Protein chains: 2
Amino acid sequence: MAKVTIADIAREAQVSVTTVSRFINGNYGKMSQATRNRVQDTITRLDYRPSASARRMRQQSTHVVGVIVSDISNVFSSLLFSGIYTELQPAGYDVMLMNSNNSVREEHDEIERLLAQEADGLIIQPNSTDFRSYEDVTSARVPLVMVDRRPPNQPDSVTSIVSNNREACHDLVGRLADMGYDNLVVVRRLRSDLSAQTPRVEGLKQAAEERHVLMVTIGAEGQDAAWLQREIDTTLRHLNGRTALVSLMGPTLFDILTALRNLGITFPDDIGLVSFDDWRWSQHVRDGVYLLEQDPRILGQESAKNLLEQIRAKESGSGGNDPYTASRQLVLPVSIVKAPSI
Amino acid sequence: MAKVTIADIAREAQVSVTTVSRFINGNYGKMSQATRNRVQDTITRLDYRPSASARRMRQQSTHVVGVIVSDISNVFSSLLFSGIYTELQPAGYDVMLMNSNNSVREEHDEIERLLAQEADGLIIQPNSTDFRSYEDVTSARVPLVMVDRRPPNQPDSVTSIVSNNREACHDLVGRLADMGYDNLVVVRRLRSDLSAQTPRVEGLKQAAEERHVLMVTIGAEGQDAAWLQREIDTTLRHLNGRTALVSLMGPTLFDILTALRNLGITFPDDIGLVSFDDWRWSQHVRDGVYLLEQDPRILGQESAKNLLEQIRAKESGSGGNDPYTASRQLVLPVSIVKAPSI
DNA sequence: TTGTAGGCGTTATCAG
DNA sequence: CTGATAACGCCTACAA
């Protein structure tokens, strides 16, 4: 049973392919009710479905959008995708999702694949600190949104949607200092060259200097929970005064809690504890952990909305068919989930 | 700057399109090193990328696989996707991900979209209790894997990959009875017609009868945390003896913990607590919650592996081009994460 | 209101 | 080793 095509429908329904094509595209305008019904019936009878591949050839748009996240098993990514999908699906776009695994190389491959798919637009959570990694996209004039992270040399002509990590961290230190904390132990665990943790560290560092708080950074990149535990233990032994532990990402909080439990360290009695995380499971740990929280779903929605605008700008051709006239720089607020862990 | 095609390369490199096409597909077998280099250079110079849409037209396969999950914001779904992607990406397949939102209607739409995309195969976490919802797929002879849930009337000719929910629950009751529990309060929260919770309830119920344990089910469908709290409170007041609370899905555990805290009920002192969940955050709640756990990533990997086999079976044409000769019925074990909450 | 025919970018089948 | 050319399934001027 070979695939049924528009020609088959035309023959069976005794009409021309043009008529069938018009029907498919909803141009009933000039079509007698009779033919219309006949075509409809034949289509359902033969179980015909127009080939998306063939349509793409004749149109400039594929109605496919590509999304590359850095780690799909992280809750952040799935909520981000959820937000993206919520906007794109009703608009008639299908989404190809790729996981770059925090690797610049894999990311590059995936960008090429999506360009080969002629995706109408790309949303990327980037891994590279060098925007040149993404110039294949811009030089093809493909609508592009960079979300969650921003390469330092990214031009303003490309959309960026991020959280105000830096400021939120700055404010956090102010609060900790006001509460009487003397030291800050920051646990960082970078997984890719480019990370939202970087601006966070910067914000903490600057504020720590301003407020004369001692800041120690534990770089736990590639280290396991046991290592982290030893490191925390050693570090705390060397510090005098009141110390707050800051976890720069959710998964790290998990390891930190294990370490603290094993070490018999409690919060907020022995130390203060703060973490970035995008899901509130930790509110059930003791009396809850003080959180800095993003809303990945909103990041996703805003990304998708802007991407659609770029696509429209490109199609409408008003701005010289340049999608990047619709680009946008957006910084969303990090919100605070208060809890008695500090 | 119009899109550069294979013809442009041919012209610039002074060869025929055939040669370029051969180059693209890696058929260097019969090609002088000279032309080969010339083509390569021209391709990079003009920044040429073959059009996936056009290739699909000429081939029977699209190298695209469609995945429909029931709720992408659930950790289960993202880990499932992660497993699927891990297998499919290296095999050269791109993945379109769709979220059915636990809705049979949306799911149906998405199936149609994926069929229109001529996906080489579909992996579905189904919402419908009636397999006829999926017959559009099978009648098009498109490779299909049903994962996590199984419609009662699904034929064995279609791959099913699920966990042994029923047996795991049966065993659980045995253990609870041995430990001296008299009552079982089961919190169910179905979100779609078809759910992995159904076989779980069945397993619990059967074992409860066998072991003469009293089982009460709280159907929290569509109810919020406050409602659940009241319901738990009332139920517990009416029970004599030792009671274990069983949560049939992760998100519900979250609400249950809130309720218990608000009610001042502790575990394992006042009651026992057990939950299904696919992520171990709850090991940090008190001294940890006893869990029944699936590995969604493995479910995903197995799904993808079988899908690839079906695709190969179809292409090789050995079994009369029928992908379903490679179908498989697989039941993976639920594992137990012990913790002193019972 | 309906039909004809050419072309979208690629691959496969033949010939050289 | 390389080329010419006919499909693939659909859309859209242009005709009728």
Side-chain angles (χ1 to χ4, degrees), chain A residues 1-40 42-43 46-64 113 115-120 140 315, chain B residues 1-40 42-43 46-64 92 115-120 140 315:
Chain A
M1 181 179 120
K3 175 165 296 172
V4 26
T5 80
I6 204 173
D8 299 322
I9 303 298
R11 185 169 15 78
E12 290 285 324
Q14 315 267 37
V15 295
S16 77
V17 291
T18 313
T19 307
V20 181
S21 175
R22 285 199 182 112
F23 178 89
I24 294 169
N25 297 347
N27 298 331
Y28 312 124
K30 325 189 154 189
M31 203 181 309
S32 72
Q33 190 62 42
T35 30
R36 185 169 163 181
N37 290 340
R38 202 140 33 82
V39 173
Q40 174 63 285
T42 320
I43 285 182
L46 298 194
D47 197 25
Y48 165 76
R49 236 179 306 268
S51 150
S53 320
R55 313 185 75 157
R56 291 181 185 179
M57 291 227 39
R58 289 294 319 198
Q59 312 182 160
Q60 67 284 44
S61 86
T62 57
H63 277 244
V64 169
R113 294 176 79 135
L115 289 177
Q117 289 290 348
E118 294 155 297
D120 283 348
E315 287 175 349
Chain B
M1 184 179 116
K3 176 167 294 172
V4 28
T5 81
I6 205 174
D8 299 322
I9 305 296
R11 184 168 18 75
E12 291 284 325
Q14 314 267 38
V15 294
S16 77
V17 291
T18 312
T19 307
V20 181
S21 175
R22 284 200 183 108
F23 178 89
I24 293 169
N25 295 324
N27 299 331
Y28 311 124
K30 327 191 153 189
M31 202 180 310
S32 73
Q33 191 61 43
T35 30
R36 185 168 162 182
N37 291 340
R38 200 140 34 84
V39 173
Q40 173 64 286
T42 321
I43 286 182
L46 298 194
D47 196 27
Y48 165 74
R49 236 180 305 268
S51 150
S53 318
R55 313 184 78 158
R56 291 182 185 177
M57 289 226 38
R58 287 294 317 190
Q59 309 181 156
Q60 66 284 42
S61 87
T62 57
H63 277 243
V64 169
L115 289 177
Q117 289 290 347
E118 293 155 299
D120 283 348
E315 287 174 350

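A, B, ... follow the sequence lines: proteins, then strands. Residue 1 opens every chain. Note that this is a predicted model, so its numbers are computed, not measured.
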**OP:** Looking only at side-chain atoms of A/Ser21, point me to the closest of C/dT10, D/dT2, D/dC11.
**Re:** D/dC11
Can you tell me the distance, in whole Å, between the [atom1] atom of [X] and the [atom2] atom of [N]?
X	N	atom1	atom2	answer
A/Gln59	C/dG9	CD	C1'	15 Å
A/Ile24	C/dT2	CD1	P	15 Å
A/Phe23	D/dC11	CZ	C1'	17 Å
B/Arg38	D/dC1	CZ	C1'	13 Å
B/Ile6	D/dG3	CD1	P	12 Å
A/Ile9	D/dC11	CD1	P	13 Å
A/Gln33	C/dT2	CD	P	11 Å
A/Gln117	C/dT10	CD	P	13 Å

Subject >> Check: A/Ser61 main-chain N/O paired with A/Asp120 side-chain donor or acceptor under 3.5 Å >> reply: no
Original post:
Quick one: does B/Ser53's side chain have a donor or acceptor within less than 3.5 Å of a partner on A/Met57's backbone?
Top reply: no
**OP:** Look at the side-chain N and O atoms of B/Thr35 and state whether any lies under 4.0 Å from the OP1 or OP2 oxygen of D/dC1.
**Re:** no
Original post:
Does OP1 or OP2 of D/dC8 have a side-chain N or O of A/Ser51 closer than 4.0 Å?
Top reply: no
Is there, by distance only and without an angle test, a donor paired with an acceptor across the side chain of [X] and the base of [N] below 3.5 Å?
X	N	answer
A/Arg22	C/dG3	yes
A/Arg58	C/dG7	yes
B/Thr18	D/dA4	yes

Original post:
Using a distance-only test with no angle check, is there a side-chain donor-acceptor pair under 3.5 angstrom linking A/Arg38 and A/Gln33?
Top reply: no
Original post:
In terms of side-chain heavy atoms, does B/Gln117 have a donor or acceptor partner in A/Arg56 at a distance below 3.5 Å?
Top reply: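 Yes, a side-chain donor-acceptor pair sits under 3.5 Å.
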Original post:
With nearest nucleotides of DNA chain C determined for B/Arg55 and A/Ser16 from heavy-atom distances, which residue corresponds to the more 5′ nucleotide?
Top reply: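 Checking each residue's closest nucleotide, the 5'-ward one belongs to A/Ser16.
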Original post:
Between CD of B/Glu12 and CD1 of B/Ile43, what distance do you get to the nearest 0.5 Å?
Top reply: 12.0 Å
Original post:
Pick the nucleotide of DNA chain D nearest each of B/Val17 and A/Met57; which residue has the one closer to the 5' end?
Top reply: B/Val17
**OP:** Select base, sugar-phosphate, or nothing to describe what A/Val20 touches, counting heavy atoms under 4.0 Å on all strands.
**Re:**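 The answer is nothing, as A/Val20 stays clear of every strand by at least 4.0 Å.
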